[in-house]
Amino acid sequence: MPDRRSPIQDFLELIHARYADFREGEVATYIPELANANPESFGICVATADGFVYEVGDSRQEFTIQSISKPFVYGLALDERGPEHMFTKVGVEPSGDAFNAISLHKTSGCPLNPMINAGAIATTGQIGASPPEPCFERILEMFSRYTGHAMHVDEAVYESESLTGHRNRAIGHLLRNFDVLEGDPTAAVDTYFRQCAISVNCVDLALMGATLANQGINPLTGTRAIKDTHVRSVLSVMASCGMYDFSGGWIYNVGMPAKSGVAGGVVAVLAGQLGIGVYSPRLDAQGNSARALQVCRELSQAWQLHQFNPPFCAHTSRRMRCTGEERHSSRIRHPTERACLGEHGGQIHLFEIQGNLAFATVEPIIRDVVRCTGRRGVILDFHHVTGINHVASQLLADLADALSHQGTAIFFTSTQQLPLLRQEVGSHLADASVIDRLFRFRSTDAALEWCEDELLRELMPAGPLTVNDLRLFEIASGLADEELGVFSGLITRRPYAPGDYVIRRGDEATSLFLVTKGIVGVWLGDHESGKRVASFSVGTMVGEMAFLDGARRSANVVAEGDVECAVFELEDFNRLLESHPQLHTTILRNIGVSLATKLRKVNEDVRILIAERQ
Ligand code: GLU
């Protein structure tokens, strides 16, 4: 049996053992039912932003959520009523007063933040208030989206707080007095009591944290619990006001947005990374679980979880950069075209990007693209991009817009896995033609081929060849006039309509094709459904491999548009051995040279691929 122990699990167990005998603090008693908690209970759970759960101790022990409900209900209120409305009801400033202080803004009467009771009751009063509906159900549903299972209320704790919560009732009435609460304050306070009595365990808390860490989506169920745009608002109030009067010390030492409750629970969140849930009912003088505080401090130090630790340097988003001089598309071209691209291909720039794109990772790419000199074509390949945020998408859209209007053709390729990019570019740019052009090619090879064609069209306006002149084909290189006459006599011209097969995979090889008009594509599998692996322009030769070794055709070759080929039969070639041995030898050598050129191109592609991986 392999040892499956994880150093992460080991460390949690070590921390749990280290604080097992730590007995500082007192269990809360002002809600009588809370006094019944077992002071020894102690659980820890860490849930990663992709939903892996580590747990130790009493991590499944149920307790009431209490004030930990506050930031989550605030998130629900932001979702339901919008931030502007919520700002008219409750602020976001730390109060410096106790959680249950009757502290309202001097003139507006608004509570200072949603983490003190006054702010939380004002927030709860906004849930489902318009149109009226059973708002507590909405709160319970919201929590089940975070935890991934149905939630329930600990009725004994609810009853207990309902019987004794006169101070909170007073706060409710004051809020009504200032019109912060518009309806019946008793209903808002009652709903608040119920939300505080929702039963949770450490795993629930850690998953709630992991959901916030994962941009508001529960990583185990894939359900969205809160709009992504409101996650940071919730984390902000947790960071500034989440730990009662220790909020400043907490963010200084532990550095994670967090919230604690009087039952002894704490949830902490590190955006993008993890959620932590700790339970231990003994509270310190500020009302925070004394053990949870130690545990979170230790975890933060050991795993460097402080959110203000400098992030890793992000300049790794450029995976590869080259020009059209160094890298060519899979189109096989005539030597004159190859020479032209060799000389001017530097005007085509190709970037392969990788990783997660946010401001800091997309900025170096934008900087490089803007600095490319003499750029005619720019291709950004997103194949290795794992994620992209709004701002990176918008900056790239602006870049594409600016370059397009300067006359540079810019393409985003391999974007199929990044729907947000397409969506953001679509809503950010007004010019539909820029958008269409940007996403026109799925593959980098197709975009590169297009850029090469454009460059050649411009630099060789008359076209590279007179198609009827067989002398321009590599196969005829070095032939004397008389030999060319013999060779031409053996050639038959054959036209093809778009989509016609020039060569079929598996066929016997009986002829060689010289492309005299149009382009032919080489397909593995069927034309359309298979994969186009190469193509041939006017002036190139197709099918010589099987022509030489007699093997069956290995791929399909299909006409792209109207095509004409000059066809040279194997039989005729063989006959030349007797009738014109010198001509036969020259043709054979020319075929060899052509194959060597193709092999060199393949070697170059392989070299680039290998270099990329080193
Ligand atoms: N229901 C509790 C109260 O309002 C919550 C207090 C807390 O956890 O901070 O008193």
Side-chain angles (χ1 to χ4, degrees), residues 25-37 62-74 90 94-104 111-125 136 139-140 143 151 153-175 181 185-200 202 204-205 208 237-238 240-247 250 258-268 277-290 292-293:
E26 301 294 332
V27 174
T29 53
Y30 77 99
I31 298 173
E33 189 65 26
L34 293 184
N36 295 332
E62 301 261 312
F63 54 94
T64 52
I65 191 168
Q66 297 299 338
S67 274
I68 301 171
S69 63
K70 292 170 180 175
F72 295 91
V73 175
Y74 181 61
V90 53
S95 71
D97 296 324
F99 73 99
N100 58 0
I102 304 188
S103 85
L104 304 176
L112 292 182
N113 68 66
M115 300 296 101
I116 53 174
N117 286 5
I121 294 167
T123 300
T124 299
F136 182 67
I139 291 173
L140 212 55
F143 278 111
M151 306 297 286
V153 169
D154 181 328
E155 293 295 339
V157 176
Y158 162 70
E159 291 291 338
S160 180
E161 182 162 22
S162 183
L163 282 172
T164 55
H166 306 300
R167 193 180 177 91
N168 283 332
R169 286 209 173 80
I171 291 174
H173 282 280
L174 263 182
L175 292 171
L181 284 177
T186 22
V189 175
D190 185 66
T191 305
Y192 168 75
F193 289 154
R194 291 191 80 77
Q195 91 183 35
C196 288
I198 291 172
S199 189
V200 288
C202 287
D204 291 334
L205 291 186
M208 286 158 62
V237 289
M238 286 167 73
S240 58
C241 328
M243 299 300 282
Y244 307 116
D245 281 348
F246 186 59
S247 295
W250 173 277
K259 186 72 198 90
S260 64
V262 288
V266 169
V267 65
V278 186
Y279 172 58
S280 172
R282 287 198 191 92
L283 309 181
D284 65 12
Q286 276 90 20
N288 296 307
S289 165
L293 207 144

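One-based numbering along the sequence shown. Both counts, for ligands and for their atoms, begin at 1 and track the order of listing. Computation of the quantities below employed the complete heavy-atom set of this structure, encompassing side-chain atoms and omitting hydrogens, waters and symmetry-equivalent molecules. Quick caveat, the model's predicted, so the values are computed rather than measured.
- Distance alone, capped at 3.5 Å, places no donor-acceptor pair between the R282 side chain and the G264 backbone.
- Distance alone, capped at 3.5 Å, is enough to place a donor-acceptor pair between the T164 side chain and the S160 backbone.
- A donor-acceptor contact shorter than 3.5 Å is absent between the side chain of S280 and the backbone of S289.
- Residues of the protein with a heavy atom under 4.0 Å from ligand 1 are Y30, Q66, S67, F99, N117, E161, N168, Y192, C196, Y244, G261, V262, listed by chain and number.
- A distance-only check finds a donor-acceptor pair linking the side chain of Y244 to the backbone of S260 [under 3.5 Å].
- Annotation: E155, atom CD; neighbour count of heavy atoms from other residues, nucleotides and ligands within 6.0 Å is above 12.
- Between the side chain of N113 and the main chain of I116, a donor-acceptor pair closer than 3.5 Å is present.
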